[in-house]
Amino acid sequence: MLSIKNLEVSIDNKVILKNFNIEVKAGEVHAIMGPNGTGKSTLANVIAGREGYEVLNGDIIYKGKSILESKPEERAREGIFLGFQYPVEIPGVSITNFMKTAVNEIRKHKGLDPMPAGEFLSMLKEKKKIVEMNTTLASRSVNQGFSGGEKKKNEIFQMAVLEPQLAILDETDSGLDIDALRIVAHGINSLKNKDNATIVITHYQRLLDYIVPDFVHVLYGGRIVKTGGKELALELEEKGYDWIKQEIDI
Amino acid sequence: MQDNTDKILNDVTQNDYKYGFVTNVETEIIPKGLSEEVVRLISEKKGEPEFMLDFRLKAYRHWLTLKEPEWAHLSIPEINYQDVIYYAAPKKKAKIDSLDKADPELLETFAKLGIPLEEQKILTGVAVDAVMDSVSVATTFKSTLAEKGIIFCSFSEAVKEYPDLIKKYLGSVVPYTDNFFAALNSAVFSDGSFCYIPKGVRCPIELSTYFRINAANTGQFERTLIVADEGSYVSYMEGCTAPQRDENQLHAAIVEIVAMDHAEVKYSTVQNWYPGNKEGKGGIYNFVTKRGLCKGFRSKISWTQVETGSAITWKYPSCLLMGDESIGEFYSVAVTNNMQQADTGSKMIHIGKNTKSTIISKGISAGKSQNSYRGMVKMTKRAVNSRNFTQCDSLLLGDKCGAHTFPYIDVNNKSSIVEHEATTSKISEDQLFYCNQRGIDTEQSIALIVNGYAKEVLNKLPMEFAVEAQKLLSISLENSVG
């Protein structure tokens, strides 16, 4: 589904990712871990197509095609979803309206008519259950005045509504208390199926107590330096990132 | 990243006016220029009674002594008042009671604007008094209104049919001495609407007039008078779109509202006149005097406006809160793009005791436009225990536009409270990327964000108007942001 080859990315002339490689297949869950400042969020943004990142080398192949030239909205309509680390507030725009616009844009891209209002609302109702979302939340403005937990729940809720093929969750566990973490993780797990893939970007191992990854990658110095199964995450938790640093820098 | 922002900005601001077309209705016009003779000629053409001619002549003579106001934050090219045509009327002056009898060309024009009268009539129950080039063409629902004793007709008709009411209220809120443009309008106004709601009557439908400037090089001078008698209620909608023109068109309208004891008037405007092209050529000059008099105890007047058009806007819908416990409200969204200039706001003059007023102003500036809020809140000595709340927000799209705020506050008693809040913000790149990432393109994201920003005001519009206003906001900002 996703194949990144020899990717080199810079921001403001500073190289952040270099020789970055990853293969993600449908049905898989990948965890990307690593210390701060190693390029985790850059990776998420580059896949989503954010402006300001310069790809110097390599390619991102999604569903068999290079997406480097595609706009962010085109990538999104093709099924790439980014769960934001810091979701922004959009005052005056209700989540319902926001999602209706997004859903219908994606449908238009697929050559479908807008979803009838009734169908849309009952679909929203179903999806809210997945993240135990308060029914009144969807009528509030997008992320405005939301707690940290509500914002992250809202991200997973949107993921549930949009049903992406490739979801990249950037530090979705940060700022969550244990109950919210459980709910968010449960949401992610229940959306998983054999046709979609998830990349979980995280600093801590604790999210991986709830979401069991097929692969754990350690990102350091702009590239993946170690790949293993879920036990790698536990090892990291125990030994810390210094262990990896020592192994690499030697 | 900045370069990119500028690029998007440029792209988005390069949008063409979508209502540029000219209707081929035969037009009868008076030659260019203004003189006492022209004023007499207008009055004569309209077959007006003596008192109207007197009013016009007094206004004209007073106008001669005035200069254009210069205090607004606008750069106004010199206007040659002798180069303007002061009267134009469609030749086929059909006096009709149903739309089937209206000029098919006119009906088509309305259809192009997306406001088919026929459909509105059936679907929304709106009585429409359509003003096209100064003379009313079609008036609907008259009989329904007549049953309740409501008068809703063209100004010309009112002058003939209800001279006593006109004599009593014409110029009672905006006297011809008020300002340069008010004097000009009083001298040469062509037509407009008159509305009277009798005691205790709640007008069952939204009253609506669509104004449209059509004949080339014709100044448009509309005049609206609304009188709400004791305990009555009316919601009045005014909407405008004008065809594309190269030469600037002068527009100086007057709206007067009088609300008696316990009466309530809601006045909503969606203004979409031709704003000129990207280089600032052409466009309407819009100098409007709108004022409501809350004359009676607990009377209430609300102004709601969505302004997206005109090259120059000079407009301050105001309330004189004379009656004790009366209420004045002003809700405004003003959008400027490309080279447009707007100096708009409100005046709330508190005279009665325990009076209340609210001003919510949302300015949106894009392109190289200049958008100013100018507001005055005055508490007179008599207006004890009165309150005002003003919120004045500016949203900037890009870095080539300007937003300005000029609040004037004058409090002359110790028990009144005046609050003023103001914010300035930009649409952030983070917001746009967030929307993009959900599959929404930049243009639509901007429309979404801007509509969200203006929601508080849009919510105050009547339902059918709100939908139109939302579309208008999106259209006027198409291709315009970063």
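Side-chain atoms are counted along with the backbone in the values below, which use heavy atoms only and exclude waters and symmetry mates. The structure displayed is predicted, hence computed values, not measured ones.
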| field | Full working for side chain to side chain contact (heavy atoms under 4.5 Å, CB included) between B:N388 and B:I409 | value | CA-CA 10 Å; B:N388 163 266; B:I409 296 169; over 6 Å; no
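- Note on A:V93, A:L162, A:N45, A:I90: by heavy-atom pairs under 4.5 Å with chain B, the leading option is A:V93.
- Contact residues of residues 68-88 of chain A toward chain B are A:P72, A:E73, A:A76, A:R77, A:I80, A:F81, A:L82, A:F84, A:P87, A:V88 (heavy-atom distance under 4.5 Å).
- Interface residue A:V142: only side-chain heavy atoms are found under 4.5 Å from chain B.
- Here the side chains of B:E238 and B:Y267 are in contact, with some heavy-atom distance below 4.5 Å.
- Salt-bridge formation is not detected for the pair B:E329/B:K266: no Lys NZ or Arg NE/NH1/NH2 atom is positioned less than 4.0 Å from an Asp or Glu carboxylate oxygen.
- Heavy-atom distances place the side chain of B:Q444, and not its backbone, under 4.5 Å from chain A.
- The existence of a salt bridge linking A:E119 and A:K100 is excluded, since no basic side-chain nitrogen approaches an acidic carboxylate oxygen closer than 4.0 Å.
- In this structure a side-chain-to-backbone donor-acceptor pair under 3.5 Å is present from B:Q271 to B:W273.
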| request: Start with the C-alpha gap between B:Q341 and B:S372, add the side-chain angles, then the distance that decides, and say whether side chain to side chain contact (heavy atoms under 4.5 Å, CB included) holds. | output: CA-CA 8 Å; B:Q341 306 177 62; B:S372 303; over 6 Å; no
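- Classification of the B:Y434-A:F98 ring pair by plane angle, with boundaries at 30° and 60°, yields parallel.
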